[in-house]
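Okay, so here's the structure we're looking at.
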Number of protein chains: 2
Amino acid sequence: MMGTTKTDFYTDRQNELAILIKALGHPARIAIIQHLLKVDSCICGDLVNELPLAQPTVSQHLKELKNAGLIKGSVEGNAICYCLDENGFEKVKSFFQNINDFIEKKKTSCC
Amino acid sequence: MMGTTKTDFYTDRQNELAILIKALGHPARIAIIQHLLKVDSCICGDLVNELPLAQPTVSQHLKELKNAGLIKGSVEGNAICYCLDENGFEKVKSFFQNINDFIEKKKTSCC
DNA sequence: TAACTTTATCGTAATATTGCAATATTAATA
DNA sequence: TATTAATATTGCAATATTACGATAAAGTTA
């Protein structure tokens, strides 16, 4: 049990948010998302050339983003076409919105 | 070098975002932020009672959030008073804003 | 000053993550 | 059907993270 996150003691929402946000907490995965925003379309493999990583490592990062629900992929010939998945981002949206609203309102910082 | 993130090959912005977002990618640290939003003030130690973790572990999570620039603490007697740090959240704001704008515009999902 | 309260740090065990070579899989094409 | 192209999976080494007991540090109070 040592070294393992105690997921059972948090709310489903807290665990859900943590999984989603954790999936974004790596520069390679940030770079993948940014690339998807930039090219404004699907990416099919050329991503390996964009990143300083070997193909299996890129594949692994894509899998993590996909499992989290932040990107989705569809088979396109013998390639796979990835794009942003709005479902995942929708789920973190309100969390950051709440924080931004809080900060906006609370101009009087207490610390 | 194996097992280590290749930070040198990413942009400063990508590394900065990854550090900030990674700091939020744990249910205990999500819970800490949510608690700060809820109580609408500083927290002084009572946080240990809110979380299913021992005091040293809570202290460690607080340190991570503080190092990332997401919370700040001030000495208040023999206690420490923590609250949200707007600087850190300001830095991730535009990233998620860009994604939300992108999703809003691009109603025609390609996958 | 001694006892107490609160938070931080150290040391360590257990687990998770990162990255890659080798290999498998799947689909297109010659 | 063999070959090629693109992506996924496996296995493994190195590093990072998580959690906690023991202890230290710093302030408060009796």
Side-chain angles (χ1 to χ4, degrees), chain A residues 1-10 14-15 18-32 35-36 42-68 71-83 111, chain B residues 1-10 14-15 18-32 35-36 42-68 71-83 111:
Chain A
M1 308 275 180
M2 208 167 193
T4 320
T5 299
K6 300 167 90 175
T7 22
D8 291 353
F9 296 91
Y10 303 101
Q14 286 165 343
N15 286 316
I19 288 171
L20 282 161
I21 294 174
K22 188 181 193 177
L24 286 172
H26 190 287
R29 298 193 288 269
I30 293 283
I32 290 171
H35 188 67
L36 281 169
C42 295
I43 43 170
C44 308
D46 55 333
L47 202 53
V48 177
N49 305 318
E50 293 283 329
L51 295 174
L53 300 169
Q55 180 268 324
T57 311
V58 174
S59 187
Q60 188 177 278
H61 283 304
L62 287 167
K63 189 181 178 182
E64 278 182 72
L65 287 170
K66 197 174 154 198
N67 285 343
I71 63 172
K72 50 190 172 182
S74 59
V75 179
E76 195 83 20
N78 61 348
I80 306 236
C81 182
Y82 284 106
C83 63
C111 294
Chain B
M1 308 278 179
M2 208 165 191
T4 320
T5 299
K6 299 168 87 175
T7 24
D8 291 353
F9 296 91
Y10 303 102
Q14 285 165 345
N15 286 317
I19 288 170
L20 283 160
I21 294 174
K22 188 181 192 177
L24 287 171
H26 189 287
R29 298 193 289 269
I30 293 282
I32 290 171
H35 187 68
L36 281 170
C42 296
I43 43 171
C44 308
D46 55 334
L47 202 53
V48 176
N49 305 318
E50 294 283 329
L51 295 175
L53 299 169
Q55 180 269 324
T57 311
V58 175
S59 188
Q60 189 177 277
H61 283 305
L62 287 167
K63 189 180 177 183
E64 278 182 71
L65 287 169
K66 197 173 156 200
N67 285 344
I71 65 173
K72 48 190 173 181
S74 59
V75 180
E76 196 83 18
N78 61 348
I80 307 239
C81 182
Y82 283 106
C83 64
C111 292

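The sequence lines fix the lettering, A, B, ..., with proteins before strands; numbering per chain opens at 1.
- Residue His61(B) places at least one side-chain N or O under 4.0 Å from the OP1 or OP2 atom of dA19(D).
- Expressed to the nearest 0.5 Å, how far CZ of Phe9(A) lies from CG of Asn15(A) amounts to 11.5 Å.
- Atom CD1 of residue Ile19(A) and atom CG of residue Asn67(A) lie 10.0 Å apart, to the nearest 0.5 angstrom.
- Taking for each of Ile80(B) and Thr4(A) the nucleotide of DNA chain C with the nearest heavy atom, the 5'-most of the two is the partner of Ile80(B).
- Contact between Leu53(B) and His61(B) at its shortest, heavy atoms only, is CD1-CD2, 3.7 Å.
- In this structure the side chain of Val58(B) never reaches within 4.5 angstrom of the side chain of Glu50(B), judged on heavy atoms.
- Counting to the nearest Å, the P atom of dT17(C) and the CG atom of Asn67(A) are 12 Å from each other.
- Listed pair Tyr82(A) / dA6(D) fails the phosphate criterion, with no side-chain N or O lying under 4.0 Å from OP1 or OP2.
- Direction of the helix axis in the helix from dT1(C)-dA30(D) to dA30(C)-dT1(D) shifts by 20° between the two five-pair termini, rounded to 10°.
- Contacts between residues 19-31 of chain B and DNA chain C, counted as heavy-atom distances below 4.0 Å, involve no residue at all.
- Using a 4.5 Å cut-off on side-chain heavy atoms (C-beta onward), Leu51(A) and Thr57(A) make no contact.
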* At under 4.0 Å between heavy atoms, which parts of nucleotides 20-30 of chain D does protein reach? Answer with one letter per nucleotide, 5' to 3': B base, S sugar-phosphate only, - none. => BBB----BS--

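- Looking at heavy-atom distances under 4.0 Å, Ser59(B) makes contact with a base.
- Using a 4.0 Å cut-off, no side-chain N or O of Lys63(A) falls inside it from OP1 or OP2 of dT7(D).
- In this structure the side chain of Leu24(A) never reaches within 4.5 angstrom of the side chain of Arg29(A), judged on heavy atoms.
- Looking at Ile21(B) and Lys22(A), their side chains never come closer than 4.5 Å, going by heavy atoms from C-beta outward.
- Ile32(A) places a side-chain heavy atom less than 4.5 Å from the side chain of Leu47(A).
- A distance of 9.0 Å separates NZ of Lys66(A) from CG of Leu62(A), quoted to the nearest 0.5 Å.
- Closest approach of Tyr10(A) and Ala28(B) over heavy atoms only: OH-CB, 3.2 Å.
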